[in-house]
> 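Before I ask anything, let me first share the structure, which is written out below as structure tokens.
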There are 2 protein chains.
Amino acid sequence: MERAAVTARTSPESARDIPEATVARLPVYLRALVTLSEQGTATCSSEELAVAAGVNSAKLRKDLSYLGSYGTRGVGYDVDYLRYQIAREIGVTQDWPVVIVGIGNLGQALANYSGFRSRGFRVVALLDADPARHDAVVAGIDVRPFADLERIAREHSVAIGVIATPAVAAQDVADRMVACGITSILNFAPTVLNVPAEVDVRKVDLSIELQILAYHEQRKTNGAQNGAQDGAREGAQTA
Amino acid sequence: MERAAVTARTSPESARDIPEATVARLPVYLRALVTLSEQGTATCSSEELAVAAGVNSAKLRKDLSYLGSYGTRGVGYDVDYLRYQIAREIGVTQDWPVVIVGIGNLGQALANYSGFRSRGFRVVALLDADPARHDAVVAGIDVRPFADLERIAREHSVAIGVIATPAVAAQDVADRMVACGITSILNFAPTVLNVPAEVDVRKVDLSIELQILAYHEQRKTNGAQNGAQDGAREGAQTA
DNA sequence: CTCGGTTTGTTCTCGCGTTCACAAACTCCT
DNA sequence: AGGAGTTTGTGAACGCGAGAACAAACCGAG
């Protein structure tokens with residue numbers, strides 16, 4: 001993992017240390033470029049792209065500058081060219097194999113998500129620990145026993161796993177994934193995963209997002225008057 | 001900071017400016033406290049809670065200090081007391097009514113998510129523009145026409161809406177939500193929403209999360225050599 | 001009461017990310 | 001060819017968040 005000094009300049013243009021905040025925005029730019037391309041737009045300015053991506057144009061330009069100089073001053077960016085460059089930088093010029101574990105409501109929704117294949121990913125297996133689900137076919141893919149994980153991960157060189165199980169099972173699934181060589185995990189289960197440092201985990205948590213909204217919503221509605229909810233909010237001094 | 005004179009108040013000035021980064025972590029702490037409470041833990045130190053929440057203990061203490069002084073030096077935090085204080089600060093001591101628009105695979109999964117009610121939210125309506133879905137009952141709730149949004153939003157004083165439609169419909173849905181007085185939107189559609197400044201939008205985007213993972217994954221596997229993607233020219237060293 | 005051990009709350013410092021502002025570079029028109 | 005008008009790429013200032021470190025506060029033992 002120590003590629004600190006080995007950041008060789010083998011590839012001509014690729015920038016070496018892209019800030020994390022920029023990495024998180026590149027997919028947004030990529031999607032905006034795809035949309036522009038489908039609309040027949042050949043070139044766009046940083047201002048146009050920034051509006052389409054919902055960000056500040058100065059931030060956009062700085063983000064793109066980490067990848068290299070792919071624009072033309074006085075003109076803008078070639079949509080298809082920039083789109084390819086960002087896709088290459090992210091690493092989605094061809095598909096990554098992905099396994100989904102936990103084929104409940106959410107897992108089925110994910111399996112049916114059409115954006116997978118069009119955006120650089122391919123679902124190679126659906127796994128579930130519950131034998132009652134093993135007969136099902138979801139999104140054209142057989143649901144297999146969780147025990148098949150190791151074989152499938154090996155056969156397809158799977159590096160990315162998605163966890164859509166209940167919270168109690170998530171840590172076990174993660175452990176097995178790590179043991180099978182998976183080094184990137186997208187976790188939909190509402191729990192904190194414990195994994196080795198070299199494994200990347202991103203979490204998507206519905207209730208956390210809603211609670212963040214609730215916090216701000218409370219501030220808004222309390223601006224004029226406390227309430228809308230109820231009045232039983234006095235400082236209940238327990239203990 | 002001993003602002004005891006102020007912290008005794010109820011809502012008005014209890015904690016004015018909580019950093020956004022802290023707000024985003026409060027729900028994580030809340031969940032960890034609920035788990036600890038269910039396990040029968042009465043008190044915990046910042047270190048224990050930090051481990052359970054997956055963060056640094058110094059960060060945890062600083063976050064909690066924005067809410068007030070709810071701990072006891074030399075002892076730690078009373079689990080149930082702190083849990084209540086965080087829930088109150090977030091605003092989930094009672095349920096927020098929520099509408100879900102777009103009852104496809106994802107919308108159904110969200111409607112069935114049991115974490116809603118237990119974490120401060122109550123689904124009051126499921127709406128879909130497709131008449132073919134209007135006969136369905138999902139999670140015990142009738143799927144209604146999208147046109148019912150205004151009536152339902154008014155009757156239930158709905159402030160939070162969830163968009164689970166295809167991307168092309170999302171902006172229209174958002175516009176209608178805003179027109180109905182909804183001021184917080186959780187958007188699962190893969191598109192950028194354009195809303196007035198006073199409306200909060202949070203987006204959850206599967207393919208963006210996966211692409212971020214793919215970027216780091218590419219860096220890991222390309223540790224030594226760059227260009228395993230489009231470059232078969234260079235001997236692919238899969239170390 | 002005093003003292004030692006423990007844990008919180010807070011201050012300080014540092015690094016990252018955002019934004020402004022502008023020179024460099026390109027096109028188009030005359 | 002040259003100048004006017006655009007737009008990119010980037011240096012610099014600024015604000016926020018992360019983490020270390022420490023004084024204050026609390027408990028229990030003697």
Side-chain angles (χ1 to χ4, degrees), chain A residues 13-26 28-29 32-33 36 41-79 81-83 85-86 89 197 212 239, chain B residues 1-7 14-26 28-29 32-33 36 41-79 81-83 85-86 89 197 212 215:
Chain A
E13 300 292 333
S14 300
R16 291 288 71 89
D17 19 339
I18 298 182
E20 192 56 36
T22 296
V23 171
R25 283 188 293 265
L26 289 181
V28 181
Y29 304 154
L33 286 166
L36 286 175
T41 308
T43 66
C44 67
S45 67
S46 65
E47 183 60 33
E48 290 174 85
L49 184 54
V51 169
V55 301
N56 181 303
S57 68
K59 195 192 310 194
L60 170 69
R61 287 199 301 276
K62 177 151 283 212
D63 284 340
L64 295 184
S65 75
Y66 290 114
L67 312 189
S69 288
Y70 294 137
T72 305
R73 298 179 192 220
V75 177
Y77 300 93
D78 182 288
V79 170
Y81 180 58
L82 182 59
R83 168 185 170 179
Q85 293 299 336
I86 293 180
E89 191 68 39
I212 295 171
Chain B
M1 176 63 82
E2 310 296 323
R3 53 177 55 179
V6 181
T7 51
S14 62
R16 278 307 305 255
D17 37 354
I18 297 183
E20 194 54 39
T22 296
V23 171
R25 283 188 292 267
L26 290 181
V28 181
Y29 304 154
L33 286 166
L36 285 175
T41 308
T43 66
C44 69
S45 67
S46 65
E47 182 61 32
E48 291 173 85
L49 184 53
V51 169
V55 301
N56 181 300
S57 69
K59 195 188 324 193
L60 169 68
R61 287 199 301 278
K62 184 184 270 192
D63 283 342
L64 294 184
S65 76
Y66 291 116
L67 312 189
S69 288
Y70 294 136
T72 305
R73 300 180 190 219
V75 178
Y77 300 92
D78 181 288
V79 171
Y81 180 59
L82 182 59
R83 168 184 168 179
Q85 292 300 338
I86 293 181
E89 190 68 39
I212 294 172
Y215 171 84

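Any value given below was found using the heavy atoms of this structure, including those in side chains, with hydrogens, waters and symmetry copies removed. In what follows, chains are A, B, ... by sequence order, proteins preceding strands, each numbered from 1.
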> If only side-chain N and O atoms of B:Ser46 are considered, is one of them under 4.0 Å from the OP1 or OP2 phosphate oxygen of C:dT8?
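It does, given that an N or O in the side chain of B:Ser46 lies less than 4.0 Å from OP1 or OP2 of C:dT8.
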> Assess whether side-chain contact (heavy atoms from CB on, under 4.5 Å) is satisfied between A:Thr43 and A:Thr72, documenting all intermediate values.
CA-CA 10 Å; A:Thr43 66; A:Thr72 305; over 6 Å; no
> Would you say a side-chain N or O of A:Ser45 is under 4.0 Å from OP1 or OP2 of D:dT7?
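Checking A:Ser45 against D:dT7: no side-chain N or O falls below 4.0 Å of OP1 or OP2.
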> Expressed as a whole number of angstroms, how long is the span from A:Leu60:CG to D:dT7:P?
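The distance from CG of A:Leu60 to P of D:dT7 comes to 14 Å, rounded to the nearest Å.
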> In whole Å, I'd like the distance from the CG atom of A:Asp17 to the P atom of C:dC16.
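That distance rounds to 10 Å.
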> Could you state the CG-P distance from A:Leu64 to D:dT10, rounded to the nearest angstrom?
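My rounded result for the distance is 11 Å.
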> In whole Å, I'd like the distance from the CD atom of A:Glu20 to the C1' atom of D:dC16.
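About 18 Å, once rounded to whole Å.
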> Tell me which of B:Thr22 and B:Thr72 sits closer to the 5' end of DNA chain D, going by the nucleotide each one is nearest to.
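Residue closer to the 5' terminus by nearest nucleotide: B:Thr22.
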> For the side chain of B:Arg73, counting heavy atoms from C-beta on, which of D:dG19, D:dA25, D:dT8 is nearest?
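For the B:Arg73 side chain, the nearest candidate turns out to be D:dA25.
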> Show your reasoning for whether side-chain contact (heavy atoms from CB on, under 4.5 Å) applies to B:Tyr77 and B:Leu33.
CA-CA 10 Å; B:Tyr77 300 92; B:Leu33 286 166; over 6 Å; no
> Look at the side-chain N and O atoms of B:Asn56 and state whether any lies under 4.0 Å from the OP1 or OP2 oxygen of D:dA20.
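Yes, such a contact exists.
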> Measure the spacing between OG1 of B:Thr22 and CG of B:Asp17 and express it to the nearest 0.5 Å.
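B:Thr22 atom OG1 to B:Asp17 atom CG measures 10.5 Å (nearest 0.5 Å).
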> Please determine if a side-chain N or O atom of A:Arg25 lies less than 4.0 Å away from the OP1 or OP2 oxygen of C:dT18.
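For C:dT18, OP1/OP2 do have a side-chain N/O of A:Arg25 under 4.0 Å.
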> What is the separation between atom OH on B:Tyr66 and atom C1' on D:dA18, rounded to the nearest whole Å?
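Going from OH in B:Tyr66 over to C1' in D:dA18 covers 10 Å.
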> Would you kindly give the OH-to-P distance between A:Tyr70 and C:dC26, to the nearest whole Å?
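From A:Tyr70 OH to C:dC26 P: 17 Å.
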> Pair A:Leu60, A:Tyr29 - check side-chain contact (heavy atoms from CB on, under 4.5 Å), show working.
CA-CA 8 Å; A:Leu60 170 69; A:Tyr29 304 154; 3.5 Å; yes
> Of the candidate nucleotides C:dT18, C:dA25, D:dC22, which contains the atom at the shortest distance from the side chain of A:Lys62?
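That would be C:dT18.
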> About how many Å separate NZ of B:Lys62 and CZ of B:Arg25, when rounded to the nearest 0.5 Å?
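Between B:Arg25 CZ and B:Lys62 NZ, I get 9.5 Å after rounding to 0.5 Å.
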> Rounded to whole angstroms, how far apart are CG on A:Asp78 and P on C:dT27?
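After rounding, the reported distance stands at 13 Å.
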> Rounding to a whole Å, what distance do you find between A:Arg61:CZ and D:dT6:P?
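Distance, rounded to whole Å: 15 Å.
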> Where each residue is assigned the nucleotide of DNA chain C containing its nearest heavy atom, which of A:Asp63 and A:Val75 is assigned the position nearer the 5′ end?
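The residue whose closest nucleotide sits nearer the 5' end is A:Asp63.
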> Measure from the side-chain heavy atoms of A:Lys59 and tell me the nearest of C:dT18, D:dG9, D:dA20.
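Among C:dT18, D:dG9, D:dA20, the one nearest the side chain of A:Lys59 is C:dT18.
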> Would you indicate which nucleotide in C:dT8, C:dT19, D:dG17 comes nearest to any side-chain atom of B:Tyr77?
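Closest of the options to the side chain of B:Tyr77: C:dT8.
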